[in-house]
Undergrad: 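Would you mind keeping the following structure in view while I ask a few things?
Chain A is the first sequence line, chain B the second, and so forth, proteins listed ahead of strands; every chain is numbered from 1. Only a predicted model underlies this, so the values are computations on that prediction, with no experimental measurement involved.
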There are 2 protein chains.
Amino acid sequence: MQLTSIWRIVGVMKHALNQKPDYEKELRKAGVRITRPRRIIIDILTSTEDHPDAMKIFHRAIEIDDSISLSTVYRTMNLLEEMGAIHRHAFNGGPSRFEQAHGEHHDHLIDIDTGAVVEFKSDKIEKLQEEIAKSLGYDIVHHRLELYGRKTRHSS
Amino acid sequence: MQLTSIWRIVGVMKHALNQKPDYEKELRKAGVRITRPRRIIIDILTSTEDHPDAMKIFHRAIEIDDSISLSTVYRTMNLLEEMGAIHRHAFNGGPSRFEQAHGEHHDHLIDIDTGAVVEFKSDKIEKLQEEIAKSLGYDIVHHRLELYGRKTRHSS
DNA sequence: ACGTCAGTTGCAAAGATTCTCAACTGGTAA
DNA sequence: TTACCAGTTGAGAATCTTTGCAACTGACGT
């Protein structure tokens with residue numbers, strides 16, 4: 001078998017390579033202050049396996065420090081998203097949910113029936129994106145690719 | 001010249017081919033009812049060049065029929081988005097803004113400095129997406145690809 | 001044309017997210 | 001270590017978006 005897979009599932013590796021990236025250093029380098037609320041929120045994000053929404057993160061946060069406000073959670077999520085440290089998902093009207101972007105970039109396939117998220121990565125697609133952007137006179141800073149799908153129904 | 005371009009700009013054609021697609025027929029075919037509010041909202045979207053937010057659409061709508069409610073605007077935007085008839089853009093926190101998806105599907109390149117949006121389409125990427133989804137056991141219902149970039153700085 | 005009924009609507013209320021602003025606090029330089 | 005100040009925070013108001021529900025209305029069959 002000598003096939004170059006055009007994608008590979010990244011999600012399943014999540015647990016395996018449990019290498020929490022050092023966000024603090026990264027952020028500080030980018031000129032962002034590491035405050036107590038931010039440290040707590042980042043910790044919550046790096047130590048969870050699910051995709052919590054702002055309210056859930058808020059509740060987990062006030063268990064550690066009950067002075068943290070919901071505004072700060074929202075502000076921090078926006079900050080981290082811009083920094084590329086987390087990804088935001090918005091399913092059918094519901095509140096946005098977040099997940100850390102464990103180091104490597106990846107794209108998402110969202111099950112429109114269950115909201116389940118499969119992470120994958122395709123170097124071919126990334127390369128095509130680069131080409132397109134270049135032809136248009138742009139450098140890509142970051143991108144978002146989300147496939148919304150439904151489990152294939154095997155003709156029953 | 002015999003190159004198969006992997007993409008083409010769709011946005012610049014916007015004005016040229018001023019062919020309002022027949023959304024009513026499309027929607028009806030998809031089992032969606034064409035009600036008075038929906039007809040009015042669709043008319044507003046197909047006859048504007050800008051990217052209005054829900055409130056702006058609402059105001060334009062009640063000038064035609066002052067019984068239309070804001071909820072209906074939002075509901076209709078969600079409906080049309082799911083149908084792929086419009087695109088939603090959310091710039092830095094502000095309210096979502098919409099634009100019609102002049103018939104053909106296309107992706108977006110967003111200038112992170114100016115907010116300008118270039119529309120493009122790549123059949124190759126679409127094809128790769130199909131393949132990936134299939135391998136994962138899914139059928140794609142719709143997708144979103146957004147490249148965020150910055151104008152290439154020519155070494156000056 | 002007419003009745004039927006699931007899909008839609010308007011309204012009000014709830015939920016989600018951003019904003020304003022005075023008080024506070026990391027990081028830096030002396 | 002201390003003082004300083006731009007960046008950050010908490011609290012609550014403001015804004016944006018979704019929802020629940022009773023009334024309404026397209027689309028289809030007769």
Undergrad: Whether B/N78 contacts D/dT17 is assessed here as follows: a side-chain N or O lying under 4.0 Å from the phosphate OP1 or OP2. Is that the case?
TA: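 For D/dT17, OP1/OP2 do not have a side-chain N/O of B/N78 under 4.0 Å.
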Undergrad: Rounding to a whole Å, what distance do you find between B/I40:CD1 and C/dT9:P?
TA: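 Rounded to the whole Å, the gap is 11 Å.
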Undergrad: Closest heavy-atom contact between A/R88 and A/N78?
TA: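 Heavy atoms only, the tightest pair is NH2-OD1, 2.6 Å.
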Undergrad: When the distance from CZ of B/R36 to P of D/dA27 is rounded to whole Å, what number comes out?
TA: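 Checked: the CZ to P distance equals 14 Å.
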Undergrad: Does A/E26 pair with A/R28 as a salt bridge, N-O distance under 4.0 Å?
TA: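 Judged by the 4.0 Å cut-off on N to carboxylate O distance, A/E26 and A/R28 do not form a salt bridge.
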Undergrad: Tell me yes or no: between the side chains of A/R38 and A/T76, is some donor less than 3.5 Å from an acceptor?
TA: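 Absent: no donor and acceptor within the cut-off.
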Undergrad: Can you check whether B/S69 has a side-chain N or O nearer than 4.0 Å to OP1 or OP2 of C/dC11?
TA: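 No, B/S69 has no side-chain N/O under 4.0 Å of OP1/OP2 on C/dC11.
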Undergrad: Check nucleotides 20-24 of chain D against the protein and report each pair of N or O atoms closer than 3.5 Å, with its distance, or say if there are none.
TA:
from: D/dG20; atom 1: O6; to: B/R75; atom 2: NH1; distance (Å): 3.3

Undergrad: Between B/F98 and B/R39, who's closer to the 5' end of DNA chain D by nearest nucleotide?
TA: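 So the residue in question is B/F98.
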Undergrad: Do A/K121 and A/D107 meet the salt-bridge criterion of a basic N to acidic O distance under 4.0 Å?
TA: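 No.
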Undergrad: Using atom CD1 of A/I62 as one end and atom C1' of D/dA11 as the other, report the distance to the nearest whole Å.
TA: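 Distance check: A/I62 CD1 to D/dA11 C1' gives 14 Å.
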Undergrad: Pick one: which of B/R60, B/E99, B/R97 meets side-chain contact (heavy atoms from CB on, under 4.5 Å) with B/P52?
TA: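 Going through the options one by one, the only one that passes is B/R60.
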Undergrad: Rounded to whole angstroms, how far apart are CD1 on B/I68 and P on C/dC11?
TA: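 Value for this atom pair: 11 Å.
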Undergrad: Please determine, for the side chain of B/P37, which listed nucleotide (C/dT9, D/dT17, C/dT18) has the closest atom?
TA: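 Within the option list, the nearest is C/dT9.
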Undergrad: Can you check the B/M55 CE to D/dT18 P distance for me, whole Å?
TA: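 So the two atoms are 12 Å apart, to the nearest Å.
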Undergrad: Atom CG of B/L70 to atom P of C/dA14: distance rounded to whole Å?
TA: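 In whole Å, C/dA14 P lies 17 Å from B/L70 CG.
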Undergrad: Among A/E146, A/Q129, A/R144, exactly one meets side-chain contact (heavy atoms from CB on, under 4.5 Å) together with B/L145. Which residue is that?
TA: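 Going through the options one by one, the only one that passes is A/Q129.
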Undergrad: For nucleotides 4-7 of chain D, which of its nitrogen or oxygen atoms have a protein nitrogen or oxygen under 3.5 Å away, and what is each distance?
TA:
from: D/dA6; atom 1: N3; to: A/R33; atom 2: NH2; distance (Å): 2.8
from: D/dG7; atom 1: O4'; to: A/R33; atom 2: NH2; distance (Å): 3.1
from: D/dG7; atom 1: N3; to: A/R33; atom 2: NH1; distance (Å): 3.3

Undergrad: Measure across B/S122 and A/I132 and return the closest heavy-atom pair with its distance rounded to 0.1 Å.
TA: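 Looking at all heavy atoms of both residues, the closest pair is CB-CD1, 3.7 Å.
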Undergrad: May I ask you to say what A/D53 touches in the nucleic acid, namely base, sugar-phosphate or nothing, with a heavy-atom cut-off under 4.0 Å?
TA: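 Since no nucleic acid heavy atom lies under 4.0 Å of A/D53, the category is nothing.
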Undergrad: Between B/T35 and B/Y74, just flag the one whose closest nucleotide in DNA chain D comes earlier from the 5' side.
TA: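 Mapping each residue to its closest nucleotide by heavy atoms, the 5'-most match is B/Y74.
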Undergrad: Indicate the ring-plane relationship of A/H89 and A/H51, choosing parallel, tilted or perpendicular according to the 30° and 60° boundaries.
TA: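 Parallel: the ring planes of A/H89 and A/H51 meet at under 30°.
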Undergrad: Find the distance A/E24:CD to C/dG26:P and express it as a whole number of Å.
TA: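 So the CD-P distance, A/E24 to C/dG26, works out to 12 Å.
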Undergrad: For A/I41 and D/dT9, give me the distance from atom CD1 to atom P, rounded to whole Å.
TA: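 From A/I41 CD1 to D/dT9 P: 8 Å.
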Undergrad: Would you tell me whether B/H87 and B/E81 have side-chain atoms, one donor and one acceptor, within less than 3.5 Å of each other?
TA: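 There is no such pair between these side chains.
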